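Each chain gets a letter, A, B and so on, in the order its sequence line appears, and its residues count up from 1. Because the structure is predicted, anything quoted here is derived from the model rather than measured.
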Number of protein chains: 2
Amino acid sequence: MKIKVKQNPEAPELIHFLEEALSKRAFIILVSCCRIEYRGRATSKLGLGDRTIVIKSDGSFLVHQDRNLEPVNWQPPNCKFKAIINNGKVYITGFRRNPHESLEVEINKTYLASYHVGTDSKTLQLAGYEEDMRELIFREPHLIEKGFRPTSREYAVTNGFIDVLGKDRNGNLVIIELKSRRAGINAVKQLKRYFDDFMDDKKFVRGILVAPSINEDALALLEKYQMEFKELEPPKEINHEEILTLDFFKK
Amino acid sequence: MKIKVKQNPEAPELIHFLEEALSKRAFIILVSCCRIEYRGRATSKLGLGDRTIVIKSDGSFLVHQDRNLEPVNWQPPNCKFKAIINNGKVYITGFRRNPHESLEVEINKTYLASYHVGTDSKTLQLAGYEEDMRELIFREPHLIEKGFRPTSREYAVTNGFIDVLGKDRNGNLVIIELKSRRAGINAVKQLKRYFDDFMDDKKFVRGILVAPSINEDALALLEKYQMEFKELEPPKEINHEEILTLDFFKK
DNA sequence: TTCTATATCTCGCCT
DNA sequence: AGGCGAGGTATAGAA
């Protein structure tokens with residue numbers, strides 16, 4: 001892998017470095033003392049301070065302070081960059097349309113500048129979602145209860161989509177709302193809305209909220225609405241086959 | 001600012017570098033070819049590839065691929081780190097309780113390692129939120145309509161909280177739902193639920209959705225429910241006084 | 001600590 | 001491209 005590193009570059013050297021890196025669509029890292037302004041979906045200003053600036057090859061733009069997981073300022077992928085020098089200071093601007101927004105970094109001092117073009121064709125394999133729960137239920141319906149038969153997934157109703165629709169051993173319609181995490185009041189309200197859609201049609205229906213756990217208020221509300229809770233952990237095994245993305249074959 | 005940089009360190013050198021950096025609670029950046037495993041709220045695996053790894057002084061842990069704004073793997077602040085060497089490879093593990101989860105990076109090659117302790121006492125000044133809209137409406141109620149008088153904010157009802165409650169020039173109750181961005185169907189449904197809460201009490205009420213814009217479907221639904229739309233941009237001026245965080249005075 | 005609501009949410013998927 | 005739902009969402013604020 002090619003990587004280029006400079007410590008304490010002066011402005012003219014930095015701008016040359018950035019132009020080179022941007023033209024190569026490299027992954028850029030700067031550790032700089034800077035000021036930041038954002039204008040677009042909102043407006044923000046950040047005074048002078050030491051931050052880590054990252055520009056990715058897909059046009060993502062991130063500015064990190066030394067605390068918090070989230071960047072303090074950013075632009076999503078496909079943003080266009082301009083690096084200029086003015087009064088001895090380097091300015092990097094990233095702008096996008098749709099929405100129309102721009103992020104400007106005024107760099108007063110740079111401690112470290114690096115850029116590289118790496119190789120990474122791997123896609124994350126992830127398990128433990130609602131989607132995995134839905135598959136599990138179709139594979140092993142008895143986990144809901146004996147005699148349960150799932151009929152459709154993502155069933156469209158007035159108020160949205162029902163996660164799983166099925167019938168119980170007595171032929172009653174069963175509406176299932178899945179949550180991969182501890183369920184709260186909102187999950188109950190969501191299920192209630194689907195439930196009401198079917199009540200309008202005057203059918204025999206049951207509403208079951210399926211989640212690894214539920215909080216007290218939510219359980220109380222569920223009982224008030226005469227609906228049910230079923231505890232189920234999302235499966236967390238992952239398929240061990242390695243997945244290659246299309247990007248890999250393009251290279 | 002102090003910054004320490006190493007290019008292409010071998011495993012023993014890297015582990016020493018990391019131990020030093022971790023003990024100083026520094027901001028660490030690595031550009032490495034690595035494998036990643038996460039276990040906790042879900043489970044994930046990521047095969048060998050070049051990534052940028054960041055450890056912040058607050059215990060945030062980020063692994064970035066060369067695309068997407070979001071890190072491919074991460075740990076939120078206050079995570080504890082362990083760096084060990086095994087079979088000539090460096091392993092960095094970050095773990096947390098509540099929730100119980102861990103992120104392990106197996107490093108096969110490191111191109112760049114740096115750590116620094118910077119100075120950044122600045123807090124982001126941001127404008128353009130729902131909160132700003134609410135304040136604007138209380139300051140200048142005529143922006144909703146002539147004669148409008150706001151009475152309460154965050155008014156609690158069965159289905160949640162009404163953003164702004166007020167009365168119009170004829171004494172009718174007005175329920176306002178705020179959105180700082182283009183309003184969609186969900187915003188209308190939310191307003192409708194509050195609206196219905198009041199209809200039960202058989203009062204004279206109006207529901208107004210206030211947002212910078214609204215999409216076609218949402219507007220149609222709004223009209224079907226006999227509710228109204230009022231265009232209003234969230235204010236985006238920011239207070240120019242500089243704000244110092246408490247952290248600044250602690251130093 | 002737990003829960004709720006917001007976000008320049010991001011991201012993927014579907015129309 | 002716009003809309004909609006899910007997220008290991010993160011984060012701030014309140015209970």
**Message:** Whole angstroms only, please: what is the CE-C1' distance between Met133(B) and dT6(C)?
**Reply:** 14 Å

**Request:** May I have the distance from Asn186(B) (atom CG) to dA6(D) (atom P), rounded to whole angstrom?
**Result:** 10 Å

**Item:** Atom-pair distance (CZ on Arg97(A); P on dA1(D)), nearest Å
**Value:** 12 Å

What N/O pairs connect the protein and nucleotides 10-14 of chain D at under 3.5 Å? Give each pair on its own line.
residue : atom : partner  : partner atom : Å
dA10(D) : OP1  : Arg41(B) : NH2          : 3.1
dA10(D) : OP1  : Trp74(B) : NE1          : 2.7
dA10(D) : OP2  : Arg41(B) : NH1          : 2.8
dT11(D) : OP1  : Leu69(A) : N            : 2.7
dT11(D) : OP1  : Glu70(A) : N            : 3.0

**Request:** Please state how far atom NZ in Lys236(B) lies from atom P in dA7(C), giving the value in whole angstrom units.
**Result:** 12 Å

**Complete:** Atom CD of Gln65(B) and atom C1' of dC11(C) are separated, to the nearest Å, by 14 Å

**Request:** Sequence neighbours left out, what passes salt bridge (charged side-chain N to carboxylate O under 4.0 Å, His left out) with Arg39(A)? Give chain and number order.
**Result:** Glu37(A)

**Flag for Asn73(B)-Ser44(B): side-chain donor and acceptor within less than 3.5 Å** = yes

**Request:** Please determine if a side-chain N or O atom of Asn215(A) lies less than 4.0 Å away from the OP1 or OP2 oxygen of dT4(C).
**Result:** yes

**Asked** Do any pairs count as a salt bridge (charged side-chain N to carboxylate O under 4.0 Å, His left out) and have a residue in residues 182-193 of chain A, sequence neighbours left out, and if so which ones?
**Response** Lys192(A)-Asp196(A)

**Prompt:** Which pairs count as ring pair (Phe, Tyr, Trp, His ring centres under 6.0 Å) when at least one residue sits in residues 32-69 of chain A, sequence neighbours excluded?
**Reply:** Phe61(A)-Phe81(A)

**Asked** Using a cut-off of 4.0 Å on non-hydrogen atoms, how would the nucleic acid contact of Asp217(A) be classed: base, sugar-phosphate, or nothing?
**Response** nothing

**Prompt:** ring pair (Phe, Tyr, Trp, His ring centres under 6.0 Å) with Phe27(B): which residues, sequence neighbours excluded?
**Reply:** His116(B)

**Request:** Calculate the interatomic distance between Gln190(A) atom CD and dA6(D) atom C1'; express it in whole Å.
**Result:** 10 Å

**Request:** Could you tell me which residues satisfy salt bridge (charged side-chain N to carboxylate O under 4.0 Å, His left out) with Glu228(A), sequence neighbours excluded, listed by chain and number?
**Result:** Arg206(A)

**Interatomic distance where CD belongs to Glu154(A) and P belongs to dG12(C) [whole Å]** = 18 Å

**Asked** dT1(C) base to Asn98(B) side chain: any donor-acceptor pair below 3.5 Å?
**Response** no

**Asked** How would you list, by chain and number, every residue that makes a salt bridge (charged side-chain N to carboxylate O under 4.0 Å, His left out) with Arg134(A), sequence neighbours excluded?
**Response** Glu131(A), Glu154(A), Asp163(A)

**Message:** Please report the distance separating the P of dT4(C) from the corresponding atom of dT8(C), rounded so that it comes out in whole Å.
**Reply:** 22 Å

**Asked** According to the salt bridge (charged side-chain N to carboxylate O under 4.0 Å, His left out) rule, which pairs have a member within residues 94-103 of chain A, sequence neighbours left out?
**Response** Arg41(A)-Glu101(A), Arg96(A)-Glu101(A)

**Prompt:** Does OH in Tyr155(A) sit with more than 12 non-hydrogen atoms of other residues, nucleotides or ligands closer than 6.0 Å?
**Reply:** no

**Prompt:** Reckon Phe161(A) touches a base, only the sugar-phosphate, or nothing at all at heavy-atom distances under 4.0 Å?
**Reply:** nothing

**Request:** Using a cut-off of strictly less than 4.0 Å between a heavy atom of the residue and any atom of DNA chain D, enumerate the qualifying residues of residues 176-185 of chain B by number.
**Result:** Arg182(B), Ile185(B)

**Complete:** Taking for Ile214(A) and for Asp163(B) the nucleotide of DNA chain C with the nearest heavy atom, the one nearer the 5' end belongs to Ile214(A)

**For atom CD of Glu216(B) and atom C1' of dA1(D), their distance in whole Å** = 14 Å

